[in-house]
Amino acid sequence: MHLKYESQLREPLVYGTKTYHDVTEDIVRPIEAKPSKLWYIGFYIAVALLLFGIYSIYRDVTYGIGQWNLNKTIGWGWDITNFVWWVGIGHAGTLISAILLLFRQGWRTGVNRAAEAMTIFAVMCAGQFPIWHMGRVWMAFFVLPYANTRGPLWVNFNSPLLWDVFAISTYFTVSLLFWYSGLLPDLATVRDRAKTKLRKHLYGVASFGWTGSTKHWQRHESLSLVLAGLSTPLVLSVHTIVSFDFATSVVPGWHTTIFPPYFVAGAIFSGFAMVQSLMVIIRKVFGMEDYITMGHIEAMNKVIVLTGSIVGVAYLTELFMGWYSQNKYEGYTFWYSRANLFSPYGWSYWGMMACNVLSPQIFWFRKMRRNLFVTFFMSVIVNIGMWFERFVIIVTSLYRDYLPSAWSVYYSPSIWEIGFYLGTFGLFFTCFFLFAKYFPVIAIAEIKYVLKTTGESYKGKMGHLEHVPAEVFAHSGHGHTIVENDGAN
Amino acid sequence: MAKKKFVVGCFDDEATLFPAVKKVRTAGYKIHDVYTPFAVHGLDHEMGLRETSLHTAGFIYGITGTTTALSFISWILTYDWPLNIGGKPHFALPAWIPIIFELTVLFAAVGMVLTFCYLCQLSPFIKKHHFHARATDDLFVMVIETTDKTNVEDLKAFLSNAGAVETDVQIAEEGWWLGRYDKDQVPFQNKIVAA
């Protein structure tokens, strides 16, 4: 259906003429159906990876982190690289649900639920790395400021590593609360449709007895809005603080003031890439093309090209400062250890440049932004690139610092370091597969809320306005009144 | 907890719901609640509900977090165990900003969610009476409280005229009880029988 006057810019958020019931059906169907063969295959692979990860951790705890190829010079290798990588990925969900809520971006409704779930799982994975890196992990609770028998000797509140403990745990808690409070109405929807007793019971417990009362919805809206307002600076603070782990030190290559914005942009960049990877698969497997539309994919690709370019500017700024500062240690790190392709780790720097800065520029073209294959391929490339970035920052700065006698031999990870990383993939995808099977992957209530303000359902209501001449819209108030038919307000 | 008699009218479109709410209120009926599958903006005002103060609670929790963090850290680092870090001041406020901020957000978020659950009486293992199973799917369910003087049949006809697609009468518990959703439970029945 085409209207006489129709925006060519705004795409509908939901395709097709759907009733509220259709929305429920479409989104709840995967929960009620038996999972496909593909789901089982994916799930078992994820569990296998998780088990390998657990075994790697078992070796780490039993024999110590000597199991890893870290040495005195490169004390942070793969594990902290992976930590920063996962935390960065964990930034997209809350960004989508919080910042885009504040900016009133309607398209967030299609992707926010799955993106938030991804955030939570990614932060869970991230948290593993600093914890197991402690080596004597049974002392992990020493990072908490509790009254103890050692003085009490408190934690050092001036240390960025402690800020990180607070930032990550707060971020995890708030994201979880935000996600779950949004899930309550949708879990109630699943509960009220449930055919089997077990499902009715479990979703009954999980939905906290949600009824859909107007007063509850009013409070729910207030809660979401304030949580979004709180999460917005929180998202920015978390990766800022992660960057402080590096920036407050005096290691060449880390000691820079642009780290906070540079890390935050990189986090959004990699997070959106991970959301893209998952969304392209989900919409295909669950047949949700009407909800996660090309418009959504394109919008996220725009964010990717923007943040990728911000990151690119940061890389170039660093290179420039490496020369302009005339500090020979900085110059050595940036122009030899990194930018020189033939230095020991030069490959990682140029891998990073190719994946993060050059290849996303393809998204300046609308055709590419709307191409599913390109989108999926690029989302993987970007995450590889962002992994390289963290590896570059950590390893190329550490392996040769001020004192040549402390320079390291070439560092490559042991199988147990790799196993740990694979294990977090296992954890992430195990959680995600379970989420996709047992939870509504799209926020049902939020889609219903935007349903009649967009697309065919909206146009259907506008029929009577079609006959009103254009002058009325241009000069309304001059004797003509337009009566809207929708009754609401 | 007491059982009450309710007249229930179900609407299938928010466009008919809004005028119906207005009509029912003008006619002097007391709307117990309207159950909707999503947040219908403006419905709370139409029903005459007051604004929620949840955000004020959030603010109070937030400043509680701020003061907790600030007082705790400053007590530790200036009084209980002062550390001399390169002769820098013990009261190192700029270095504490990250943790103060994080605790502000943490207290506000956790406090607000708990308050939300308390106000709405939401918790695992809680069960409530649901007037219509489709209230979480596609129906807007208006529930009207009756009194001794209410003519139920008149009210049902009135709701149908206002656009309700389904009407019925239910005697139901208005509060919550501990229960399971896979079992039909009649809460507090013994109490009523005994009385």
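All chains are named by letter (A, B, ...) in the order of the sequence lines, taking the proteins before the strands, and each is independently numbered beginning at 1.
Here B:Leu17 contributes atom CG and A:Thr214 contributes atom OG1; the two are 8.0 Å apart, rounded to the nearest 0.5 Å. The distance from atom CG of B:Leu122 to atom OG1 of A:Thr211, rounded to the nearest 0.5 Å, is 7.5 Å. The structure places CG of B:Asp137 at 9.0 Å from CG of A:Asp192, a figure rounded to the nearest 0.5 Å. Atom OG of A:Ser213 is separated from atom CG of B:Leu49 by 8.0 Å, given to the nearest 0.5 angstrom. For the atom pair OH of B:Tyr181 and CG of A:Leu202, the computed distance is 13.5 Å after rounding to the nearest 0.5 Å. Separating the OH atom in A:Tyr20 from the CG atom in B:Leu139 is a distance of 11.5 Å, to the nearest 0.5 Å.
Annotation: maximal heavy-atom pairing with chain B below 4.5 Å, among A:Leu227, A:Val23, A:Leu153, occurs at A:Leu153. In terms of heavy-atom pairs under 4.5 Å with chain A, the best-connected choice from B:Asp12, B:Leu43, B:Thr36, B:Leu103 is B:Thr36. Chosen from A:Pro160, A:Gly229, A:Gly212, A:Ser237, the residue pairing most often with chain B at heavy-atom distances under 4.5 Å is A:Gly212. Ranked by non-hydrogen atom pairs under 4.5 Å with chain B, the options A:Lys215, A:Lys200, A:His21 are led by A:His21. Between chain B and the options A:Ser169, A:Ser207, A:Ala194, A:Pro152, heavy-atom pairs under 4.5 Å are most frequent for A:Pro152. Of all the listed residues (B:Ile76, B:Val113, B:Val110, B:Val141), the one sharing the greatest number of non-hydrogen pairs under 4.5 Å with chain A is B:Ile76. By number of non-hydrogen pairs under 4.5 angstrom with chain A, the leading residue of B:Ile126, B:Val34, B:Thr104 is B:Val34.
Pairs passing the ring-ring contact (aromatic ring centres under 6.0 Å, His included) check and including a residue from residues 216-237 of chain A, sequence neighbours excluded, read A:Trp210-A:Trp217, A:Trp210-A:His220, A:Trp217-A:His220, A:His220-B:Phe116.
No donor-acceptor pair under 3.5 Å is formed between the side chain of B:Asp182 and the backbone N or O of A:Thr196. Looking at A:Trp163, its side chain never comes within 3.5 Å of a backbone N or O of B:Ile97 through a donor-acceptor pair.
In this structure, chain A has a heavy atom under 4.5 Å from the backbone of B:Ser123, while its side chain stays farther away. If you measure heavy-atom distances from A:Gln218 to chain B, the contacts under 4.5 Å come from both the backbone and the side chain. Heavy-atom distances place both the backbone and the side chain of A:Arg219 under 4.5 Å from chain B. Proximity to chain A is absent for every atom of B:Phe59, based on heavy atoms less than 4.5 angstrom apart. Contacts of B:Lys128 with chain A are made by side-chain atoms alone, with heavy-atom separations under 4.5 Å and no backbone atom involved. Only the side chain of A:Ile241 comes within contact range of chain B, with at least one heavy atom under 4.5 Å from a heavy atom of that chain. For chain A, the nearby parts of B:His55 are the backbone and the side chain; heavy atoms of each come within less than 4.5 Å. Residue contact with chain A, scored on non-hydrogen atoms closer than 4.5 Å, involves the side chain of B:Leu77 exclusively. Residue B:Val40 does not touch chain A at all, counting heavy-atom pairs closer than 4.5 Å.
Crowding of B:Phe125 atom CZ: a count of heavy atoms from other residues, nucleotides or ligands under 6.0 Å not exceeding 12.
Side-chain atoms of B:Leu54 and A:Leu223, non-hydrogen and from C-beta on, do get closer than 4.5 Å to each other.
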*In sequence, state the C-alpha distance, the side-chain angles, and the governing distance for B:Trp96 and A:Asn158, and then conclude on side chain to side chain contact (heavy atoms under 4.5 Å, CB included).*
CA-CA 6 Å; B:Trp96 303 343; A:Asn158 298 336; 2.8 Å; yes

*asked:* Run the side chain to side chain contact (heavy atoms under 4.5 Å, CB included) test on A:Leu162 and B:Ile99 for me, step by step, so that the C-alpha distance in whole Å, both residues' side-chain angles and the decisive distance to 0.1 Å come before the verdict.
replied: CA-CA 8 Å; A:Leu162 190 77; B:Ile99 291 180; 3.8 Å; yes

*side chain to side chain contact (heavy atoms under 4.5 Å, CB included) between B:His41 and A:Tyr449: does it pass, once the steps are laid out?*
CA-CA 9 Å; B:His41 282 193; A:Tyr449 171 63; 3.0 Å; yes

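Here the closest non-hydrogen pair linking A:Leu230 and B:Ala109 is CD1-N, 4.0 Å. For the pair B:Trp81 and A:Gly151, the tightest heavy-atom approach, listed with the atom from each and the gap, is CZ3-CA, 3.5 Å. Looking at every heavy atom in both residues, A:Pro233 comes nearest to B:Phe101 through CB-CZ, 3.6 Å. A:Ala445 and B:Pro37 get closest at one heavy-atom pair: CB-O, 3.7 Å. In this structure, A:Ser222 and B:Met112 approach most closely via the heavy-atom pair O-CE, 4.3 Å.
Under the 6.0 Å cut-off for aromatic ring centres, A:Trp154 and B:Phe72 qualify, their centroids lying closer than that.
Contacts between residues 173-180 of chain A and chain B, defined by a heavy-atom separation under 4.5 Å, are made by A:Thr173, A:Val174, A:Leu177. Within residues 181-189 of chain A, the residues having any heavy atom closer than 4.5 Å to a heavy atom of chain B are A:Leu184, A:Ala188, A:Thr189, listed by residue number.
With sequence neighbours left out, the side-chain contact (heavy atoms from CB on, under 4.5 Å) criterion links B:Ala27 to B:Tyr29, B:Phe158.
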